[in-house]
Chemist: 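This is the structure, below, for whatever I ask next.
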Amino acid sequence: MPGSGRILVVVAHPDDAEFGCAGSLARWVAEGQEVFYCVATSGNRGSEDPAMTPERLAAIREAEQRAAAGTLGVKDLVFLGYPDGELEDTREARRDVVRAIRRFRPDRIVTQNPFPSLNPYSGHRDHRHAGRLALDAVYPYARDRLHFPELLAEGWQPHKVREVYVMGHAEPDTFVDVSATMEQKLAALRCHASQLKDFGVVEGLVRQRAADVGKPHGYTYAEAFRLIEFPR
């Protein structure tokens with residue numbers, strides 16, 4: 001698999017990247033590639049604690065996401081600040097993802113599955129919208145100069161993304177060996193303590209899923225993606 005140089009991960013919530021692709025990210029960073037995050041919401045509704053407020057939870061989850069990103073070697077990240085559970089396919093949201101693409105100028109984007117799924121986690125509505133926003137931002141909005149003229153005024157020039165890796169796709173065609181980075185993936189996941197009350201159970205499920213993905217390809221652990229390539 002050729003190196004991409006710069007990679008932008010576009011996800012809906014803190015911890016989405018760690019569950020979906022952290023092993024791959026750690027591998028790519030170790031190979032010398034630069035990784036950046038664009039997180040659409042701060043996950044400010046993900047709590048069963050009756051004393052928790054959205055404002056406090058947002059601060060907690062943003063701090064957890066920064067710690068997890070640091071564990072993986074992510075170079076920089078941005079939170080778009082949309083409400084958890086209310087991410088929509090709007091002009092404003094498309095513009096904000098385009099801004100992130102033009103700012104970080106990635107060769108590859110990793111994002112979530114924009115298609116409905118029977119999996120209750122990969123099928124989360126915010127996940128679908130994050131994937132749709134990312135794909136639409138790649139083509140045509142990030143690359144065409146006359147879209148979002150306000151971004152030109154801010155100094156963000158058009159940019160062409162070479163490829164997109166879609167997480168959680170029902171028919172993946174690209175598999176990354178993460179056997180050497182599984183412990184790093186788990187360390188990053190541990191940073192999301194507010195969401196993972198029994199980490200032993202989570203670790204077992206994550207290891208089993210990665211083992212199931214990797215086994216047909218001769219890997220101890222792997223992560224799966226659907227690759228979409230764009231002409232330069």
Side-chain angles (χ1 to χ4, degrees), residues 1-41 65-66 68-82 87 89 93-114 127 129-145 147-148 151-152 154-169 172-176 178 181 184-185 188 223-232:
M1 176 183 315
S4 68
R6 296 169 71 88
I7 298 162
L8 175 63
V9 183
V10 180
V11 290
H13 311 107
D15 81 19
D16 286 347
E18 283 68 49
F19 274 109
C21 63
S24 301
L25 300 179
R27 172 175 175 161
W28 294 331
V29 168
E31 292 172 348
Q33 301 175 61
E34 294 181 326
V35 174
F36 306 87
Y37 276 12
C38 174
V39 185
T41 83
Q65 180 63 93
R66 293 184 189 280
T71 298
L72 297 170
V74 172
K75 189 167 184 179
D76 199 0
L77 73 166
V78 62
F79 293 93
L80 300 186
Y82 289 92
L87 184 61
D89 183 4
R94 287 191 297 276
R95 180 202 61 205
D96 289 347
V97 177
V98 169
R99 180 186 287 109
I101 292 173
R102 292 186 180 184
R103 171 184 172 184
F104 295 122
R105 308 189 75 77
D107 303 292
R108 175 186 302 158
I109 281 183
V110 182
T111 194
Q112 293 166 294
N113 185 9
H127 295 182
H129 281 295
R132 177 178 295 179
L133 289 167
L135 287 171
D136 288 346
V138 168
Y139 181 81
Y141 297 105
R143 64 189 297 163
D144 288 354
R145 176 170 293 275
H147 289 300
F148 301 114
L151 296 182
L152 286 177
E154 294 173 15
W156 304 119
Q157 296 297 314
H159 176 70
K160 295 181 180 180
V161 175
R162 178 166 59 87
E163 60 188 16
V164 174
Y165 278 33
V166 178
M167 301 182 284
H169 197 282
D173 58 8
T174 300
F175 303 88
V176 179
V178 300
T181 55
Q184 202 170 348
K185 175 185 176 82
E223 292 173 341
F225 307 89
R226 183 75 177 195
L227 172 61
I228 303 173
E229 296 181 285
F230 293 85
R232 297 297 288 184

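Residue indices begin at 1 and follow the sequence shown. Bear in mind that the values here come from a model prediction, so they are computed numbers and not experimental data. Just so it is clear, the values below take in all heavy atoms, side chains as well, and ignore hydrogens, waters and symmetry mates.
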Chemist: Does any part of the side chain of Q65, heavy atoms only, come nearer than 4.5 Å to the side chain of L77, both counted from C-beta?
Modeler: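 Heavy-atom side-chain distance check passes, below 4.5 Å.
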Chemist: Please give me the minimum heavy-atom distance between V98 and A142, naming the atom from each residue.
Modeler: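 Between these two residues, the closest heavy atoms are CG1-CA, 3.8 Å.
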Chemist: Which is it for L133 and Y82 under the side chain to side chain contact (heavy atoms under 4.5 Å, CB included) test, yes or no, and what are the steps along the way?
Modeler: CA-CA 13 Å; L133 289 167; Y82 289 92; over 6 Å; no
Chemist: Ignoring hydrogens and geometry, is there a side-chain-to-backbone donor-acceptor pair from Q112 to A12 under 3.5 Å?
Modeler: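 The answer is yes, because a donor-acceptor pair under 3.5 Å joins these two groups.
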Chemist: Can you name the nearest heavy-atom pair linking V39 to P14, along with the distance?
Modeler: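 It is CG1-N, 3.7 Å.
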Chemist: In the structure I gave you, are the side-chain heavy atoms of H159 and R103 within less than 4.5 Å of one another anywhere?
Modeler: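 No; the side chains remain at least 4.5 Å from each other.
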Chemist: May I have the step-by-step check of side chain to side chain contact (heavy atoms under 4.5 Å, CB included) for D136 and D89, ending in yes or no?
Modeler: CA-CA 10 Å; D136 288 346; D89 183 4; 4.2 Å; yes
Chemist: Charged N to carboxylate O below 4.0 Å: is that the case for D173 and R226?
Modeler: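 Salt bridge between D173 and R226, a charged N being under 4.0 Å from a carboxylate O: yes.
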Chemist: List the atom of A134, the atom of T111, and the distance in Å for their closest heavy-atom pair.
Modeler: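 Minimum heavy-atom separation between A134 and T111: CB-OG1, 3.5 Å.
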Chemist: F104 vs F36 aromatic rings, parallel, tilted or perpendicular, using cut-offs 30° and 60°?
Modeler: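 F104 and F36: parallel rings.
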Chemist: How about R99 and V78: do any of their side-chain heavy atoms sit closer than 4.5 Å?
Modeler: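 R99 does not reach V78 side chain to side chain.
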Chemist: Would you confirm whether R105, through its side chain, and Q157, through its main-chain N or O, come within 3.5 Å as a donor-acceptor pair?
Modeler: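 Checked: pair present.
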Chemist: Quick one: does V164's side chain get under 4.5 Å of F225's, heavy atoms only?
Modeler: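 A side-chain contact is absent here, since even the closest heavy-atom pair is not under 4.5 Å.
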Chemist: Can you check side chain to side chain contact (heavy atoms under 4.5 Å, CB included) on L72 and V29, steps first, answer last?
Modeler: CA-CA 8 Å; L72 297 170; V29 168; 5.8 Å; no
Chemist: Specify the closest pair of heavy atoms between A68 and A188, including all atoms of both residues, with the distance to one decimal.
Modeler: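 Heavy-atom minimum between the residues: CB-O, 3.4 Å.
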Chemist: To the nearest 0.5 Å, what is the distance between NZ on K185 and CG on L25?
Modeler: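 Between K185 NZ and L25 CG, I get 8.5 Å after rounding to 0.5 Å.
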Chemist: Check the pair R108 / Y165 against side chain to side chain contact (heavy atoms under 4.5 Å, CB included), numbers first and verdict last.
Modeler: CA-CA 7 Å; R108 175 186 302 158; Y165 278 33; 3.5 Å; yes
Chemist: How far does OG1 of T41 sit from NE2 of H129, to the nearest 0.5 angstrom?
Modeler: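 That separation rounds to 12.5 Å.
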Chemist: Hey, is the main chain of I7 close enough, under 3.5 Å, to the side chain of E34 for a donor-acceptor pair?
Modeler: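 It does not hold such a pair.
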Chemist: Restricting to non-hydrogen atoms, name the atom on L152 and the atom on P158 that form the minimum distance, rounded to 0.1 Å.
Modeler: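 Of all heavy-atom pairs spanning L152 and P158, the closest is CD2-CD, 3.9 Å.
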Chemist: Looking at R102 and E154, does any basic side-chain N land under 4.0 Å from a carboxylate oxygen?
Modeler: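 E154 and R102: not salt-bridged.
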Chemist: Between Q184 (side chain) and A26 (backbone), is there a donor-acceptor pair under 3.5 Å?
Modeler: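 Answer holds: no.
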Chemist: State, yes or no, whether a side-chain contact exists between I228 and Y139 at a heavy-atom distance under 4.5 Å.
Modeler: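 Not touching, per the 4.5 Å side-chain cut-off.
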Chemist: Between R66 and F79, is any pair of side-chain heavy atoms under 4.5 Å apart?
Modeler: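 Result yes, sub-4.5 Å side-chain heavy-atom pair found.
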Chemist: Less than 4.5 Å apart, any side-chain heavy atom of C21 and any of V176?
Modeler: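 A side-chain contact is absent here, since even the closest heavy-atom pair is not under 4.5 Å.
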Chemist: First locate atom CZ of R132, then atom CG of N113, and finally report the distance between them rounded to the nearest 0.5 Å.
Modeler: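 So the gap between those two atoms works out to 11.0 Å.
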Chemist: What distance separates C38 SG from D96 CG, expressed to the nearest 0.5 Å?
Modeler: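 If we round to the nearest 0.5 Å, C38:SG and D96:CG are 8.0 Å apart.
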Chemist: Find the distance between NZ (K75) and CZ (R6) and round it off to the nearest 0.5 Å.
Modeler: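 One gets 6.0 Å once the value is rounded to the nearest 0.5 Å.
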Chemist: First locate atom CG of D107, then atom CD of E163, and finally report the distance between them rounded to the nearest 0.5 Å.
Modeler: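 Taking CG in D107 and CD in E163, the distance rounds to 8.0 Å.
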Chemist: With a 4.5 Å limit on heavy-atom distance, are the side chains of Y37 and V11 in contact?
Modeler: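 The answer is no, as the side chains (C-beta and beyond) never meet within the 4.5 Å cut-off.
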Chemist: Identify the heavy atoms of A17 and V9 that sit nearest to each other, and give their distance.
Modeler: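 The pair with the smallest heavy-atom distance is CB-CG1, 3.9 Å.
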